[in-house]
Every structure is written in C-alpha cells, then in structure tokens.
2 protein chains.
Amino acid sequence: MAKSKVYRLGDLQLRIMQILWQRAEAAVVEVHQALAGEGDWAYTTIATMLRKMEARGLVRHRLHERKFLYRPGVQAEEVTRKISTHFIDRLFEGSLADMIAHLLTTRQISREELTRLKALIAERKKKL
Amino acid sequence: MAKSKVYRLGDLQLRIMQILWQRAEAAVVEVHQALAGEGDWAYTTIATMLRKMEARGLVRHRLHERKFLYRPGVQAEEVTRKISTHFIDRLFEGSLADMIAHLLTTRQISREELTRLKALIAERKKKL
DNA sequence: GAGGTAATACTACTACGGTAGTAACGTCAA
DNA sequence: TTGACGTTACTACCGTAGTAGTATTACCTC
C-alpha cells in the first residue's frame, strides 16, 4: 500500500506534508503561499505535486467552494519514524546509540542543549 | 562540483561506498561479492553503478592486472555529516537536540545504551 | 451571454537511481 | 589459433521527484 516507501519522500513533498500537518487542511493556493520565500515554485508545480502525492496515498482532498482542500493521508509520526529508521539503518546499522554518539562528537551543540539531553536521558531511564 | 549533493546517495550507492571505505580499494567482483546476501544484484549492475558513481566523483579507479580497482572519491566523514545534516534539517529544523529528544522518546533503547549516552554527554560537556 | 478569472486536468520533459542485457576486447590454455 | 572466460563499455529501460506550460472547465459579473 501507499505507506510502504514513505521514507523516500523528496524535499518538496516533505515540505508540503509538513504544511498540511500544521494546518490540517489547505487549498493549493495556501500551500503555494506557505512555500513562497523558500523557493519560487510555480503554482501548477504545487498542484501537480499534490495530485501525484494523492496517487501515492500521501494526501487526500475534498471539494469545497470550487477548490480542492488537501489534508494529510499519513501521520507525521509515522513518516518521521520511518525516515528516521531508514536513516539510522543506512548510516549506523540501526543503532540509535551509535548515531547519537557519532553526532554528539561531530556536531556543534550548546551547553543548554546538553543539559536538556541529560535530563531527558535520566527521564527515559526511569521508564525502563 | 561532485560533492555538492552527496546527501542524496541512494541505498545501493551508499552500500558500495561503505564497502570501499572499509577496504580502501576493491575490484568490481569484490564489491559484488561483498553485497551478496543483501540482495542479488547482477554483476553488471554493480559495474554500471560504479561507472556512474565515478562520473559523479564519488569513486575513482585505477587499472591493475586487467581489473579496475575502485577506491573512494569522498570521505566517509563528509558523507555521513552531509546526510545527517540534511536529515536533521528536513525533519528537525536543524536542531540536533530536538532530533535526539524526539528519537529518545519514540524509539527503543536499552539501559546500557542510555548509560553510555549519559557518559558521552558528560564528556562532551567538559569540552565546551 | 460574453468575457474574465481561478481552479484543476493533461501532457511533457529532465535528472537520476536502479537494473541488467549484450557487445567488444584481451588473455590464456588447449 | 581458436575458443572460453573475465572484464569493461554501451545501451536501454523503469520509476519517481521535480518542474511547469497549456488546455479545459465552470462560475461570476457586467
């Protein structure tokens, strides 16, 4: 079914999904406007993309006052999870800890964020 | 330049890169054999892929005893970093802490791994 | 009812990952 | 010297993200 390769969402498709998750429902023109400033896609590009995404089950639409109102066909949670899993599998053989370890040592992070993570880990540990 | 869209490596291309990073240099037949068990790609598929990757600057080759020996044209570090950055940008607006926070709460992780991460965070904090 | 307008539908194209068959070529053994 | 074999080169195809022009449709206004 449509949800099988959700982790392969392209950049534009993902941005469109994020806008729909945010607004629950949006006409093509709204999606187009929401994306202005990030790039100058033609209106028809967004419309075409939405139609293609609907064919894949990523979004649905209903007619309202002569416009298509699109809404998400997949949940943000599911997509985030699948993309993340695919990413961790590809680069870190599926190990979340390896991934975090690697990124912690190669990327910038502030003292505040580290403190927050420390608390989060303590919290997580309690639940085990 | 070739390195510009390294974060868009496909699954097969990434696997090939990983094999080359591991071995430093490998003939087509070795790459093909290394991938056996993960899927049954035709030998010519691997050869074609390597040629396409060389056109993108991802790998290089030299002739040795009638065989092409391929070696990486980009460093593992760079590719890992770019793919990771792209991933974090796409899903977590560039925030490493947000990403970790999210994955910590949605994925399985063992007590041992949490302990390891805790130590890692303490270590990281020292260096700030 | 004739335009203008705004929306979707249709069509077409590029780029590229993945896939692999077939052709060509050079070496080595019988 | 010929034929098998291993290797690379060439070619072709599919799927899909991205891109957008043009056609069509239907309403709304004058």
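Quick note on labels: first sequence line is chain A, next is B, and so on, each numbered from 1.
Remark: A:Arg51 is not in phosphate contact with C:dT8, judged by side-chain N or O atoms under 4.0 Å from OP1 or OP2. Between B:Arg66 and C:dT27, a side-chain N or O to OP1/OP2 separation shorter than 4.0 Å is present.
Using a 4.0 Å heavy-atom cutoff across all strands shown, A:Val29 reaches no nucleic acid atom at all.
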Given the rule in the salt bridge (charged side-chain N to carboxylate O under 4.0 Å, His left out) test, do A:Glu38 and A:Arg15 qualify, once you have shown the distances and angles that lead to the verdict? CA-CA 10 Å; A:Glu38 288 179 40; A:Arg15 285 299 295 123; 2.6 Å; yes
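Contacts between residues 31-45 of chain B and DNA chain C, counted as heavy-atom distances below 4.0 Å, involve B:Trp41, B:Ala42, B:Thr44, B:Thr45.
Side-chain heavy atoms closer than 4.5 Å link hydrophobic residues (I, L, V, M, F, W, Y) into clusters, and following such links, even through other members, never connects B:Leu69 to B:Leu35.
A 4.5 Å side-chain heavy-atom check between B:Lys5 and B:Lys82 finds every atom pair outside the cut-off. Put simply, the side chain of B:His61 does not reach to within 4.5 Å of the side chain of B:Leu50, judged on heavy atoms.
As a whole-Å value, the separation of B:Ile46 CD1 from D:dG6 P is 18 Å. One interatomic measurement links the two molecules: CZ of B:Arg90 to C1' of D:dA17, which rounds to 11 Å at whole-angstrom precision. Computed from coordinates, the B:Met17 CE to C:dG17 C1' distance equals 15 Å when rounded to whole Å. As a whole-Å value, the separation of A:Leu50 CG from C:dC10 C1' is 16 Å. Between A:Leu69 atom CG and C:dT8 atom C1' the separation is 13 Å, expressed in whole Å. Taking atom CE on B:Met49 and atom P on D:dC10, their separation rounds to 17 Å, with Å as the unit. Whole-Å rounding puts the A:Arg56 CZ to D:dG18 P distance at 10 Å. Rounded to an integer number of Å, the gap from B:Glu65 CD to D:dT8 P is 13 Å.
The side chain of B:Val28 lies closest to D:dT8, out of D:dT8, D:dT7, D:dG18. Relative to the side chain of B:Thr48, the nucleotides D:dA17, D:dC10, C:dG17 differ in distance, and D:dC10 lies closest. Candidate nucleotides D:dT19, D:dA17, D:dA26 were compared by shortest atom distance to the side chain of A:Gln13, and D:dA17 ranks first.
One N or O on the side chain of A:His32 and one on the backbone of A:Trp41 form a donor-acceptor pair closer than 3.5 Å. Judged by distance alone, the side chain of A:Trp21 and the main-chain N or O of A:Val74 form a donor-acceptor pair under 3.5 Å. In terms of modelled atom types and a separation under 3.5 Å, the side chain of A:Arg124 and the main chain of B:Leu104 share a donor-acceptor contact.
Expressed to the nearest 0.5 Å, how far CG of A:Leu103 lies from OG1 of A:Thr105 amounts to 7.5 Å.
Taking the six-membered ring where tryptophan is involved, the planes of A:His102 and A:Phe92 are tilted, since the angle between them lies from 30° to 60°.
Counting only N and O atoms by type, the side chains of B:Arg107 and A:Ser84 include no donor and acceptor under 3.5 Å apart.
In the helix from C:dG1-D:dC30 to C:dA30-D:dT1, the terminal helix axes, each the rotation mapping four pairs' C1' atoms onto the next four within five end pairs, subtend 30°, rounded to 10°.
Evaluation of atom-type donor-acceptor distances gives a pair under 3.5 Å for the side chain of A:Lys52 against the base of D:dG18.
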